[in-house]
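Each remark here refers to the structure printed beneath this line.
Fair warning: this is a prediction, and the values are worked out from it, not measured in the lab.
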Amino acid sequence: MEIKTFEDLIEWTRQLHAHLARCLKESAKLNNDERASALLDYVSSHETILEKAVREFEKQADPKALNTRMYDYLNHTPIRASADSYTHYASMSFQDIAREIFQFHDQVMDLYDSLIGKAEIPEAKALLEDLLSLEEHEAMRLSSQINRMDDI
């Protein structure tokens, strides 16, 4: 997906979360490790919730921010939720899955953080700050839940 506006960025983020949710769900069915499969199921549902939250940003964001062009903002290597395969996580361990999920979320947060510093209009900066806050909050929540699962 080519990202030209902040609206495109939000849609791209939503699609990333949706894709990740599907990969995790499909992999959960095939992973033979019970703990890893449970983690995949949990994170899949978490990503689905995140996808819906990001969709709300599309509906509620300031049109001025949404329509702001990003051609000067985005010189970034595309973030991939996983390999092209929907079963990418099927043979991974609990720890490897957790590590990869957090790396993905860190990349998204780093992207938003870098874009905040480049935003020229207050509406765009506020939108990015809200998206970053959402991602940070959800990453902390996810970390807490994964740590609890790991303790069991």
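Residues forming a side chain to side chain contact (heavy atoms under 4.5 Å, CB included) with Ala139 (at least two apart in sequence, or on another chain): Met109. Remark: Glu58 pairs with Arg14 by the salt bridge (Lys or Arg N to Asp or Glu O under 4.0 Å) rule, at least two apart or across chains. Residues satisfying the side-chain hydrogen bond (donor to acceptor under 3.5 Å, both in side chains) criterion with Gln145, sequence neighbours excluded, are absent altogether. For Lys52, the salt bridge (Lys or Arg N to Asp or Glu O under 4.0 Å) criterion is met by no residue, not counting sequence neighbours. In terms of the ring pair (Phe, Tyr, Trp, His ring centres under 6.0 Å) criterion, His46 has no residue partners (sequence neighbours excluded).
One side chain, His17 or Glu135, offers a donor N or O that lies under 3.5 Å from an acceptor on the other. Side-chain contact check for Gln103 and Gln107: no donor-acceptor pair (N or O, by modelled atom type) lies under 3.5 Å. Of the N and O atoms on the side chains of His88 and Glu100, at least one donor lies less than 3.5 Å from an acceptor on the other residue. Side-chain atoms of Tyr89 and Glu26 include no donor-acceptor pair closer than 3.5 Å.
Annotation: the span from Arg22 atom CZ to Ser44 atom OG amounts to 11.0 Å, rounded to 0.5 Å. Distance check, rounded to the nearest 0.5 Å: CG of Asn67 to CD of Glu123 gives 11.5 Å. From Leu16, atom CG reaches atom CD of Glu11 across 10.0 Å, with rounding to the nearest 0.5 Å. The structure places CG of Leu24 at 11.0 Å from CG of Asn31, a figure rounded to the nearest 0.5 Å. To the nearest 0.5 Å, atom OG1 of residue Thr13 and atom CG of residue Leu50 are 10.0 Å apart. Separating the OG1 atom in Thr68 from the CD1 atom in Ile121 is a distance of 3.0 Å, to the nearest 0.5 Å.
Shortest non-hydrogen contact noted between Ser37 and Ala28 is OG-O, 2.8 Å.
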- Query: Given the rule in the side-chain contact (heavy atoms from CB on, under 4.5 Å) test, do Leu142 and Val43 qualify, once you have shown the distances and angles that lead to the verdict?
  - Reply: CA-CA 8 Å; Leu142 186 60; Val43 179; 3.9 Å; yes
- Task: Determine, step by step, whether Ile101 and Leu20 satisfy the side-chain contact (heavy atoms from CB on, under 4.5 Å) criterion, reporting the C-alpha distance in whole Å, the side-chain angles of both residues, the deciding distance to 0.1 Å, and the verdict.
- Result: CA-CA 9 Å; Ile101 294 301; Leu20 183 56; 3.9 Å; yes
- Item | Worked verdict on Leu39 versus Asp33 for side-chain contact (heavy atoms from CB on, under 4.5 Å) | CA-CA 10 Å; Leu39 174 63; Asp33 180 337; over 6 Å; no
- Assess whether side-chain contact (heavy atoms from CB on, under 4.5 Å) is satisfied between His19 and Gln15, documenting all intermediate values. CA-CA 6 Å; His19 177 74; Gln15 288 178 12; over 6 Å; no
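Side-chain contact between Ile10 and Leu131: present, with at least one pair of heavy atoms (C-beta onward) separated by less than 4.5 Å. Contact annotation: the side chain of Phe6 approaches that of Leu128 to within less than 4.5 Å [non-hydrogen atoms, C-beta and beyond].
A donor-acceptor contact shorter than 3.5 Å is absent between the side chain of Ser144 and the backbone of Arg141.
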Show every donor-acceptor pair shorter than 3.5 Å between a side-chain atom in residues 91-98 and any protein atom, with sequence neighbours excluded, or say none if there are none.
{"residue": "Ser93", "atom": "OG", "partner": "Asp96", "partner atom": "N", "Å": "3.2"}
{"residue": "Ser93", "atom": "OG", "partner": "Asp96", "partner atom": "OD2", "Å": "3.2"}
{"residue": "Gln95", "atom": "NE2", "partner": "Asp150", "partner atom": "OD1", "Å": "3.2"}
{"residue": "Gln95", "atom": "NE2", "partner": "Asp150", "partner atom": "OD2", "Å": "3.1"}
{"residue": "Asp96", "atom": "OD1", "partner": "Arg99", "partner atom": "NH2", "Å": "2.5"}

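In the hydrophobic clustering of ILVMFWY residues, with side-chain heavy atoms under 4.5 Å counting as a link, Phe57 and Ile49 come out apart.
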